[in-house]
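See structure below.
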Amino acid sequence: MKTLLVYPEFPETYWSFRHALAFEGKRSAFPPLGLLTISALLPEAWERRLVDLNIQPLTLADIVWADVVFASAMLVQKESLRRIVEICKAYGKRVVIGGPYVTTGAEHLPQADHLFLGEAETTVPEFVRDLERGEAQRIYQAAERPALAATPIPDFQLADLRRYSAMSVQYSRGCPFQCEFCDIIEIYGRVPRTKSNEQMLAELDALVRIGWRGMVFIVDDNFIGNTRHVKRLLPVLADWSERHSHPFSFITEASVNLAEDEALLDGMRRARFRYVFLGIETPVEASLKEAQKGQNMRGNLLDAVKKIQSYSLQVMAGFIVGFDHDPEDIFARQIQFIRESAIPLAMVGLLGALPDTQLWRRLAREGRLLLESTGNNTDGSLNFIPKMDTARLVEGYQSILRTIYSPGEYYQRALHCLERVPMWAPEPRRSGLASDVMTLSRIVLALGVRDRARGEFWRYLRRALTQHRERLAEAVRLAALGYHCRKLTEGLGKSSRRSYKK
Ligand code: B12
Ligand code: SF4
């Protein structure tokens, strides 16, 4: 069986990092781990080909070659998925789809032959058996969420390593909290399931074997969801890293209560975690309460961020505006918080009601749902009637982005971050000297010569050089990420004016 695994295109969002990746000569931040995992569940004899539309086009030759097409998507990729399904069906191919979008919105793609709802560790082998008997079903959904012991080592070798800036692995699924807007707990459950230490090390060994060095994203929604297991993993990971001469540094996502556990923070530092993404959402307590985000209300949020940063973890964070309890001065308060927290990459979004979430159900009860979410909470569109005037909310939201990503403000935050986050160990080298020089020259040309904010860039670099000479590469990387966010912010006003009118 010739199997074509296709990953749809993302629109440009803050998470695409596209403007920054271009400097490194990369096309996408991460490979599609869901499809790499699905591939590993298929019979060994099946031939496989991966086409990630974020790094290469889907050609007619690929489609003609295939007997069966597997595609995965998030909500934000639905348009691209629809086109993939249409064209593959037009060529008479058997099309199988799955992933978060399909799990929460299967009815939208009637043309697909087989739909997988939820996790597929047990259902893909069942599908293969049914197919061999000529009895494949249209819909597959496991009766219960699988233990992660059933998850094989993903077929990492299918990904073209040269095109991605990081590789991904997954340690756990699910999160014990109950944030109202979150679909994770609906899709993956509230009891975090983890892989064993041996499974994790085997995945890292596989990455080393195929030649990967550099950043690895542990894609868990909440890496510390099962603290007991994570605490057992971290020393093993630190030891593995030491034995392999530290080939990777790690980035992950965690809940803010990480700040309460110094042993955990120390363990992460020793295991070479460098970045952690936190769901901070808002400094307004009434809005946190509305979002059922009690874990963010146990202490001072700014102190929590500072504590995490003091363990050499650079904090990235998500912020949301649009809660019913947001006061009139919410925009200024978010800006102030982001400024004081020294978080360069502050991903600010408008509240969105994702299908099947508690928020979705409440808004439906209150008659406030408008349409399906675009899945992209940064495009300025709203899929519900907010308490604040819509135009004011969208304009205020954009004013946050314009402020925090204005060059002066961003460079100041980046310097502040370098001060707050002590260096624990050097970053592993991802590429050779020639490639580093190339990246640096592209950044200097774009930010220091062509950019209208070049004066601010040179002032920033001068200060970074005097105060943090040994961290020049990090300072330059931060500048490139800020440039990406500014470029996107500049384009934002245009698209959102269209979309919030409804
Ligand atoms: C890594 C990640 C990303 C990466 C994507 C990298 C990549 N190339 O895949 C980055 C950081 C870029 C990203 C960005 C975004 N993401 Co994201 N992301 C994740 C995360 C944390 C892990 C995904 C992953 O690799 N999982 C590991 C694999 C093994 O799990 P899986 O994909 O679910 O696959 C299993 C099943 O779903 C199923 N399956 C999956 N695909 C298929 C296909 C077939 C054919 C079959 C049979 C089965 C199947 O089988 C697998 C094994 O069980 C998930 C959360 C999560 N827990 O999955 C959110 C998640 C997918 N992201 C989400 C969102 C909203 C976004 C953003 C839109 C956020 C934003 N507001 O900007 C952006 C959009 C991207 C963009 N550039 O525009 C939502 C999606 C919600 C939805 N219903 O669509 C999720 C669920 C998290 C959340 N609730 O916020 N994301
Ligand atoms: S902490 Fe994050 S993953 Fe957990 S329920 Fe809240 S939003 Fe979802």
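This is a predicted model, so every value here is computed, not measured. Note that the numbering runs from 1 along the sequence shown for the chain. We count ligands from 1, going down the list as the structure has it; atoms in each ligand are counted the same way.
Of all the atoms in ligand 1, the ones that sit under 4.0 Å from a non-hydrogen atom of Asp183 are 81 (C), 82 (C), 83 (N), 88 (C), 89 (N). In summary, the atoms of ligand 1 found under 4.0 Å from a heavy atom of Pro11, numbered by their order in the structure, are 78 (O). Those atoms of ligand 1 with a heavy atom of Pro32 less than 4.0 angstrom away are 8 (N), 9 (O). Within ligand 1, counting atoms from 1 as listed, the ones closer than 4.0 Å to a heavy atom of Leu75 are 82 (C), 84 (O). Every atom of ligand 1 with a heavy atom of Pro31 under 4.0 Å away is listed here by number and element: 7 (C), 8 (N), 9 (O). Near Tyr188, meaning under 4.0 Å from any of its heavy atoms, are these atoms of ligand 1: 31 (P), 33 (O), 56 (C), 57 (N), 58 (O). Listed by atom number, the atoms of ligand 2 under 4.0 Å from Lys293 heavy atoms are 6 (Fe), 7 (S). Close approach of ligand 1 to Thr37 (heavy-atom distance below 4.0 Å) involves ligand atoms 29 (C). Applying the 4.0 Å criterion to heavy atoms of Phe70 picks out, from ligand 1, the atoms 45 (C).
Ion pairing of Lys231 with Asp261 is present here, as a side-chain N (NZ or NE/NH1/NH2) and a carboxylate O approach within less than 4.0 Å. Taking 4.0 Å as the cut-off between side-chain N and carboxylate O, Glu79 and Arg82 count as a salt-bridged pair. By the 4.0 Å N-to-carboxylate-O rule, Arg402 lies close enough to Glu395 to be salt-bridged with it. Under a 4.0 Å N-O distance rule, the pair Arg133/Glu135 qualifies as a salt bridge. Note on Lys487 versus Glu490: salt bridge recorded, some NZ/NE/NH1/NH2 to OD/OE distance being below 4.0 Å.
Atom 19 (C) of ligand 1 is not flagged as protein-proximal [any protein heavy atom, distance under 4.0 Å]. Within 4.0 Å of atom 69 (C) of ligand 1, at least one protein heavy atom is present. There is a protein heavy atom less than 4.0 angstrom from atom 63 (C) of ligand 1. Protein heavy atoms are absent from the 4.0 Å sphere centred on atom 59 (C) of ligand 1.
Between Phe277 and Trp15, the ring center distance clears the sub-6.0 Å criterion. Checked against the 6.0 Å centroid threshold, Phe127 and Phe116 count as a close aromatic pair. Aromatic ring centres of Tyr483 and Tyr410 lie farther apart than the 6.0 Å criterion allows.
In this structure, the side chain of Ser16 engages the main chain of Thr13 through a donor-acceptor pair within 3.5 Å. Proximity of a side-chain donor or acceptor of Arg274 to a complementary backbone N or O of Ile251 within less than 3.5 Å is not detected. At least one donor-acceptor pair closer than 3.5 Å links the side chain of Glu290 to the backbone N or O of His325. Listed for the Asp113 side chain is a donor-acceptor partner under 3.5 Å among the backbone atoms of Val95. Between the side chain of Asn296 and the backbone N or O of Ile280 there is at least one donor-acceptor pair closer than 3.5 Å. The backbone N or O of Ile97 lies less than 3.5 Å from no partner atom in the side chain of His114, so there is not a single donor-acceptor pair. Between the Thr3 side chain and the Glu47 main chain, a donor and an acceptor come within less than 3.5 Å of each other.
Within 6.0 Å of NZ on Lys306 lie no more than 12 heavy atoms contributed by other residues, nucleotides or ligands.
Ranking the protein heavy atoms by distance from atom 47 (C) of ligand 1 puts Phe116 CG, 3.3 Å first. The single protein non-hydrogen atom nearest to atom 66 (C) of ligand 1 is Met74 SD, 3.5 Å, given as residue, atom name and distance. Protein heavy atom in closest approach to atom 55 (C) of ligand 1: Asp221 OD1, 3.2 Å. Among protein heavy atoms, the minimum distance from atom 73 (C) of ligand 1 is reached at Trp15 CD1, 3.9 Å. Distance from atom 1 (S) of ligand 2 to its nearest protein heavy atom, with residue and atom name: Gln295 NE2, 3.4 Å. Nearest protein heavy-atom contact of atom 85 (C) of ligand 1 is Ile184 CD1, 4.5 Å. Regarding atom 37 (O) of ligand 1, its nearest protein heavy-atom neighbour is Gly99 CA, 3.6 Å. Protein heavy atom in closest approach to atom 24 (C) of ligand 1: Val219 CG2, 3.9 Å. Among protein heavy atoms, the minimum distance from atom 51 (C) of ligand 1 is reached at Ile38 CD1, 4.1 Å.
For the pair Phe319 and Phe337, the minimum side-chain heavy-atom distance is below 4.5 Å. Annotation: side chain of Arg368 is in contact with side chain of Asp324 (closest heavy-atom distance under 4.5 Å). Using a 4.5 Å heavy-atom threshold, the side chains of Gln77 and Met74 count as touching. At a threshold of 4.5 Å between non-hydrogen side-chain atoms, the residues His19 and Leu481 do not count as touching.
In terms of N/O distances under 3.5 Å, ligand 1 is approached by Phe30. At under 3.5 Å, not a single nitrogen or oxygen of Asp220, backbone or side chain, sits near a nitrogen or oxygen of ligand 1. For ligand 1, none of its N or O atoms has an N or O atom of Val124 under 3.5 Å away.
Neither the backbone nor the side chain of Met347 has any atom closer than 4.0 Å to an atom of ligand 1 (non-hydrogen atoms only). The side chain of Phe10, and not its backbone, has at least one atom closer than 4.0 Å to an atom of ligand 1 (non-hydrogen atoms only; side chain from C-beta on). The parts of Glu119 lying near ligand 1 are both backbone and side chain, judged by heavy-atom distances below 4.0 Å.
Put simply, part of Gly375 is less than 4.0 Å from ligand 1, judged by heavy atoms. Ligand 1 has Ala71 within reach: a non-hydrogen atom of the residue lies less than 4.0 Å from it. The shortest separation from a heavy atom of Ser168 to ligand 1 is not under 4.0 Å, leaving the residue out of contact. For the ligand labelled ligand 2, residue Arg190 lies outside the 4.0 Å heavy-atom shell. Heavy atoms of Tyr7 approach ligand 1 to within less than 4.0 angstrom. In this structure, Ala73 has no heavy atom closer than 4.0 Å to ligand 1.
Neighbours of atom 4 (Fe) of ligand 2 restricted to protein N, O or S atoms under 2.8 Å: the count is 1.
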Discussion item. Show, in sequence, the C-alpha distance, side-chain angles and deciding distance for Asp220 and Arg173, and conclude whether the side-chain contact (heavy atoms from CB on, under 4.5 Å) test is met.
Written reply: CA-CA 6 Å; Asp220 305 14; Arg173 291 185 197 156; over 6 Å; no
Discussion item. Let's go through Phe273 and Phe223 carefully: what are the C-alpha distance in whole Å and the side-chain angles of both, what is the deciding distance for ring pair (Phe, Tyr, Trp, His ring centres under 6.0 Å) to 0.1 Å, and is it a yes or a no?
Written reply: CA-CA 12 Å; Phe273 281 71; Phe223 178 65; 5.1 Å; yes
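The residue from Gly34, Gly98, Gly118 that puts a heavy atom closest to atom 36 (C) of ligand 1 is Gly118.
A cation-pi contact, defined as under 6.0 Å to the ring centre and within 45° of the axis, links Arg413 to Tyr405.
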